Structures are given as structure tokens and as C-alpha cells.
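To start, the structure under review is shown below, and the notes come after it.
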Amino acid sequence: AVSHSQITRLYSRFTSLDKGENGTLSREDFQRIPELAINPLGDRIINAFFPEGEDQVNFRGFMRTLAHFRPIEDNEKSKDQNGPEPLNSRSNKLHFAFRLYDLDKDDKISRDELLQVLRMMVGVNISDEQLGSIADRTIQEADQDGDSAISFAEFVKVLEKVDVEQKMSIRFLH
Amino acid sequence: LDYQHVQVPFEITLWIMLASLAKIGFHLYNRLPSVVPESCLLIFVGLIMGGIIYGLNDKSPPVMDSDIFFLYLLPPIVLDAGYFMPSRPFFENIGTILLYAVVGTIWNVFGIGFSLYGICQVKAFHLQDVSLLHNLLFGSLIAAVDPVAVLAVFEEIHVNEKLHILVFGESLLNDAVTVVLYKLFRSFCEMPTITSVDVFAGVGKFFVVGLGGVLVGLTFGMTAAFTTRFTKDIRVIEPLFVFLYSYLSYLTAEMFHLSGIVAIIACAMGMKRYVEANISLKSHTTVKYFMKMWSSVSDTLIFIFLGVSTIGENHEWNWPYICFTVIFCLIWRALGVLVLTFFVNRFHVNTITSKDQFIIAYGGLRGAICFSLVFLLPDFHRKKLFIAATTVVILFTVFVQGMTIRPLVDLLAVKRKRESAPTVGEQIHIRFLDHLLAGIEDISGHWGQYYWKDKLEYFNSKYLQKILLREYDQPKSSIVLLYEKLERKHAIELAEAGQLGHAPSHPSLLHSGFLCSNNNRTVIMDKKLEDTLNPDVLENIQEILARNLYRIRRTGPAYNRHTLPGETEPMEHAKEILILRHKNL
């Protein structure tokens, strides 16, 4: 569970972002954060906060999205498997990232979706052709069931050597 | 020929000319700066010049006058550093920086002082007459890490932002400690007896020097901001105020025996945000360019003079003492960094890795400050020994450590890489996750000591802005300003090209005007990539990705001596991202 001090801190951040002071954040409130403007994935990250089709997010939703990025504590790892999986488990973290790729929500990263993300992350010196072959290569490496797209299981497999728990955890300074 | 009349300005100009021509010379031959850091080359030039002068006049060449160094050569460099210091990472890590600067320096001073005293006890070295106090005095001037040297060398190695700011911040702030200890031991040398009251007075003095410096700096900074509020009608002299007030803060602090370096940094950091809001865009560019120019010239001159002053009869070469000085400097710095990092890592989650520790310890270069301080020592019979030891230490750190730090860092990095070469997919997804996390962290805003920043922001918006800013507006961050500037430029260029509404495709972004594309970009490879399983093709892809994937903000150095903030590579990427997003809107 999230500690009391962390909740307080996040709440004060939420209120400082909420310029309209109506208890919810809109997309404009997020876009006001300058560092997000130069983050290649800025828009997608902002969208991840808003539930399907809505334009406002309240504190609960805000916290819920951020809860994915809580570090996995050691004592949680040995918890029993019967309860619901916590939001910040490795699988859920990866699922969050997967959803940022998979815009049409068909549980597959198609070549086009991959191309879109690649184009956002790479400079302008790369031609469309080269980008296409990079995307092809990526899909080729990951694809195991031959559907020329990356499913969630394949995505997880590609990242099995990566320390996702550490990479996708906000390092709260104590 | 009326040489006497123009001698002094003429010679000064000639020296500066020599320095600048030397700089051009190095950059003409492209490979050299990557192998040998510029500072080494400059010292080398100085050595040659010194040798020539010695040969011609048959007496020691002019030694760099300590006054010239402290009053004219050092302030521009420190001002440049303070003005362009990225305040966010600096204040985020201020605790660690202060710990290294204060505790680390004190540790080094006493460590080196006492161990050298131990060496002096050995009868074989004929050093018995060097007392403990003298050794401590020497320790205090040799222990301090020098910002000029550190900056010069760190440009060659690409370290991440946090590390860069740690070493750099430490080198700037340890001046306060050095000043206090140096003056303390010097006055102790002259006093017949030392009581504990004197020692406590010394400790108290340290706080006075540090905090007093900050106060003086902030006062002048606020005054500068206030002055620029009224300069709307005389834009031409606006840049002058920035320099005048900063220099005044330095001189005033030195006058009161406070730390001038700390004062000028506080002044620059304090006034920056208000002055930039008040002065015109052109004045702003002028300020930035002049600062870079002056600090560049100073930097070059210092190293050349270091070289020149080495030649001559100022030295007493007692090799055991000198060798042990070098060894102890290295050992005590390494120990200090290890111990301090151990404590720091207990309190912070993002730890300082051992590779980082190595860089911090090995990157502790000594430079011209030590050199000037040693010449300021009172004349006693062992002064030349100290001068020789200082010279050797500086030359060793700049040449040996400066030249080998990059290969060593690469070696350490390579060792980790050999464990597993990431696949293309891994690389892309990892970078994707990095950007994601950076974005989430920016949203959750947890970076930094939030409480004090909030308090400061509140104080700022309630009082300071109203007094110091001419147009009281929502303060805009540099990124928003950049975006606005780009929008204006884009609109103007589209209008000029008569193409309002036409969206160019990506490759042509390179050729359109506003992407002032930088020289060292990848050449677009036009190969037909048919079979993607081909290992050659794979290597190309890896190369393309390694060079072109956008880096996250915190993995590059935040401060660069030779380029303006708007032209560094991360900023270029930022511009590209903004343009792309603008088109997609």
C-alpha cells in the first residue's frame, strides 16, 4: 500500500497542477508541465491518465495510474498468490507500457503502431525506409506465433532480461 | 619606436592573441582534442613559451601574479559557471554537493597534512624542519579540487547530469573551505601559541565566510535585477549591468575576507531569472556570448601561464616529498569519496555507483587555484619545496589523470556492456520505458526537495516578482520560451515560402531553415535493406539506433563550456520533438 506521506505529497502535487481548482485535471493541466512538452512520448503518457473517452481525471484516477510505478517492496514479493495482483507488479507495469504502444487496443502491437512510436523516439535523420526495416527487425525478433505483430506475451518475453521493476519505479527520495 | 608607451596593453593583447591562436590551432587538427584534453595542450604551449623566454632572457620568466589570477582571470570563469549552472539538478543534489565540498575537503586537508608530516619525520629525507603547521598549510592549498581543470577535462568524457553536477558543484563550493583553512593556518604559522579558542574561532569563521559570501552575492544579484527593471529605454547597456554587479559582488566579498567565488555564484544564480525576464532578447544573447568569450579566454590564459611559470628557478626538487604528495593526494581523495558515498547512499534511493565513485575520485583535478595560493605563501625557507610539489601535482593531475580518465571510463563501461548485447527490440523498448518513466516522474513532480522549493516559489511570487520584474507575468520556463520562439520562426518562414498550411514530410525537415542541423550528425545511409536477418544490416541498425534515439534529459551533461545552452544536442532534440508534435496537433 502507498504510505500516508506519499499520498499527501501526491495530493499536494495534484492540487498544484490543478489550476482551475475544481478537483480534477484536464489535459491542459498536464500539458503545462514543461518537461513533458519535450518528452517524445508526452502525449501518450498524458492520455494514459484519462479513462476511456473522458476529459477529466480526479485524484483517485491520478493515484491509480501512478500506483503502477511504485517500487516493488521485498515483503510483497512473497505474498500469497491468491489475492488480486497489485498494480505495481511486473506484469501490470509491462501491461501499462504495452497499452501505450497499442493504441487500437487489440492486444497486439502492429507494425504501424510500432512505426508511430519509433518515429516519435528517433531523430529526423532516419528515412522512412530505414525506420521500416528497424520495425521489421523488431517484430521479427519478438514474433513467435507468426502473426507479424507483437502480442503481450511476446512483449514480456523480449524484456525478460531487463530489470523492469527498477526501470519502471519512481524512486521516491525518503 | 615608442614601445614604453604601449608596453603593458600591447603585451597583454599579445598574450591573449597567442592563447586564441593556440585554440584555433588545436581545433584545426580534429583528432587531437579527443586524445589529449585542451588543458594539457595549453600547458604544453605555456611550457614552450616559458622555455623560450628563459632561453632569451636567461632568468626566470614572469611568474603568474596571484593578484592577476584572483582578480582578473578567475572571476569570468566562475561567473560563467554560476550563470549557466542548471539550478534544478544543482539544488536537487545540494546536500551531497555540500557534503563532498565541506567534509570531503576538510578530510583531504587533514589527511594529506598529517601524512606528509609523518613523511617529514623520516630522517633520510632531510625534511625535519618542515613543521606540522607548514604541512597542514600545504595540505589546505593542495587538497582543493579546481573548477577550471575539472571543467576542462569533464567535457571530454560524457557523464550523466547528476555526476557532472556533483563534481562540478563540489569544485566550486570547496573554495569557502579552502579560503578559511588556508588563512587560518597561515595566521597560525605566525602566532607563537595556539589556543583552543583560536581553533573554535576558525570553525566559526568558516560559516561566516560561506554564508557571508552567499549574502553578499544575493544582495548584489537582487540589486542587479532591480536595476534592470528600469533599463527599458537604454537597452544598449543592459548587458553591462550583469557583468558589473557580478564583478562587484566578487570584489566586495574578497574585500571582507569572505569567499568571492561563492558570492559570484550566488549573485549569478539569484539574478538570472529576473534579469532574463527584464532585458531584451538581444541583450540576453549578448550577455551569454560575452560570458562564454571571457571565460574561454581566461581559461586558456590560465593554463598557458601555468606552463610558463613552471620553467625557472622557483623550485626545490625534493623528490621523496613530491612523490609522496602526489600519492597521498590520490589516496586521501579516493578514501574520502568512498566513505562519504557510503553515507550518502544510505539516505538516497538512487545510489552513486562504483563507476561514478571512481569518476568522482579520479576526476579531482588540481589546477591554477593551488598554484596561485602557493605563490601567496609567506616567504620562508621551504617555500620553493612547496612550489615544486604543487607544480608536479598539478601537472600530474592535468596530464596523467586528464588524459587517462576517458579511456578508463570507457573501459569500465565496456566491461559492463560485454555481458549482453541488447537486441534491437530490447534497445527500443528500454528507451521507451526510460522516456515513460521520465514523463511519469515529471508528472508526479517528486524530484527535489519539494517543500523548500514551494516555499521559495511562494515567496517569489508574492514579493520578489513584484519588486524586481518590470512586466509581471507568469514566469515562463526556458522550454516554453523556446517553443514560442520556434512558433514565431516557423510562422515567419512558412509565410515567406508562401506555404501556409503545407506540411513537409520528414526528410525535408532537415533541409528547411529552422533545423539548424548540427555538423556531426549521421550521414543518411541509403542502403537497400532487404534481408533484415543479415548481420551487417543488424550492425547498421544498432548503430543507427545508438546514434539517433533521443536521450532522456538526465543522461547528458547539463553544462558545457563551449556551447550556448540553446545549441547543445539535447536542446536540438527538444526542438525537433516540439516541431513534430506541433505538426501532429
Side-chain angles (χ1 to χ4, degrees), chain A residues 9-10 12-13 16-17 30 33-43 45-46 49 65-66 68-69 71 96-97 100-101 114 117-130 132-134 136-142 150 155 158-159 161-162 164 167-174, chain B residues 347-350 420 422-426 428-446 449-450 454 477-480 483 505-507 509-510 515 521-522 524-526 528-529 532-533 537-538 541 544-545 548-550 552-553 573-574 576-578 580-581 584:
Chain A
R9 193 185 242 164
L10 284 177
S12 74
R13 174 65 173 171
S16 75
L17 285 175
F30 281 100
I33 304 173
E35 285 85 0
L36 270 189
I38 55 167
N39 190 317
L41 306 175
D43 291 321
I45 299 176
I46 296 177
F49 277 85
T65 315
L66 288 180
H68 284 96
F69 293 90
F96 187 87
L100 286 188
Y101 271 107
L114 189 58
V117 172
L118 271 177
R119 177 49 76 191
M120 290 194 305
M121 294 208 299
V122 138
V124 295
N125 278 349
I126 313 282
S127 68
D128 287 331
E129 216 176 52
Q130 285 172 305
S133 40
I134 295 178
D136 287 328
R137 172 86 201 180
T138 313
I139 296 185
Q140 213 162 23
E141 280 173 357
I150 306 180
F155 183 67
V158 172
L159 289 174
K161 279 191 270 173
V162 175
V164 171
K167 262 207 179 307
M168 285 186 72
S169 299
I170 303 180
R171 297 155 288 187
F172 281 103
L173 299 169
H174 297 294
Chain B
F347 291 108
H348 282 203
V349 178
N350 32 340
S420 57
T423 64
V424 170
E426 258 185 336
I428 293 178
H429 296 317
I430 289 176
R431 189 53 58 88
F432 180 83
L433 292 179
D434 284 338
H435 282 301
L436 171 58
L437 188 66
I440 294 286
E441 280 177 339
D442 289 327
I443 290 178
S444 70
H446 85 283
Q449 311 307 342
Y450 207 44
D454 266 348
S477 77
S478 57
I479 294 169
V480 175
Y483 193 64
S505 65
H506 288 116
L509 262 177
L510 194 62
L515 260 196
R521 284 304 181 78
T522 358
I524 297 184
M525 291 180 275
D526 257 334
K528 236 346 177 176
L529 301 166
T532 51
L533 278 177
V537 168
L538 173 60
I541 293 184
I544 294 176
L545 282 180
N548 286 283
L549 276 175
Y550 289 137
I552 38 177
R553 217 170 47 248
H573 288 168
E576 287 175 14
I577 298 175
L578 283 175
L580 267 173
R581 291 185 69 221
N584 290 336

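So you know, we letter chains A, B, ... as the sequences are listed, proteins then strands, and number each from 1. Please read these numbers as outputs of a predicted model, since none were measured by experiment. Only this structure's heavy atoms are used, side chains among them; waters, hydrogens and symmetry mates stay out.
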In terms of heavy-atom pairs under 4.5 Å with chain B, which of A:V117, A:V122, A:L66, A:V158 leads? A:V122

CZ/A:F96 to CG/B:L433 distance, rounded to the nearest 0.5 angstrom? 11.0 Å

For A:L118, which atoms come within 4.5 Å of any heavy atom of chain B: side chain, backbone, both, or neither? side chain

Report yes if some heavy atom in the side chain of B:H429 is under 4.5 Å from a heavy atom in the side chain of A:T138; otherwise report no. yes

Using a 4.5 Å cut-off on heavy atoms from C-beta on, say whether the side chain of A:T65 contacts that of B:I443. no

Return the CE to CD1 distance between A:M121 and B:I428, rounded to the nearest 0.5 Å. 6.0 Å

Any idea which of A:F155, A:F30, A:Y101 has the most non-hydrogen atom pairs under 4.5 angstrom with chain B? A:Y101

Can you tell me how far apart CG (A:N39) and CG (B:L436) are? Round to the nearest 0.5 Å. 8.5 Å

Examine whether an atom of A:A97 lies under 4.5 Å from a heavy atom of chain B, and if so say whether it belongs to the side chain, the backbone or both; otherwise answer neither. both

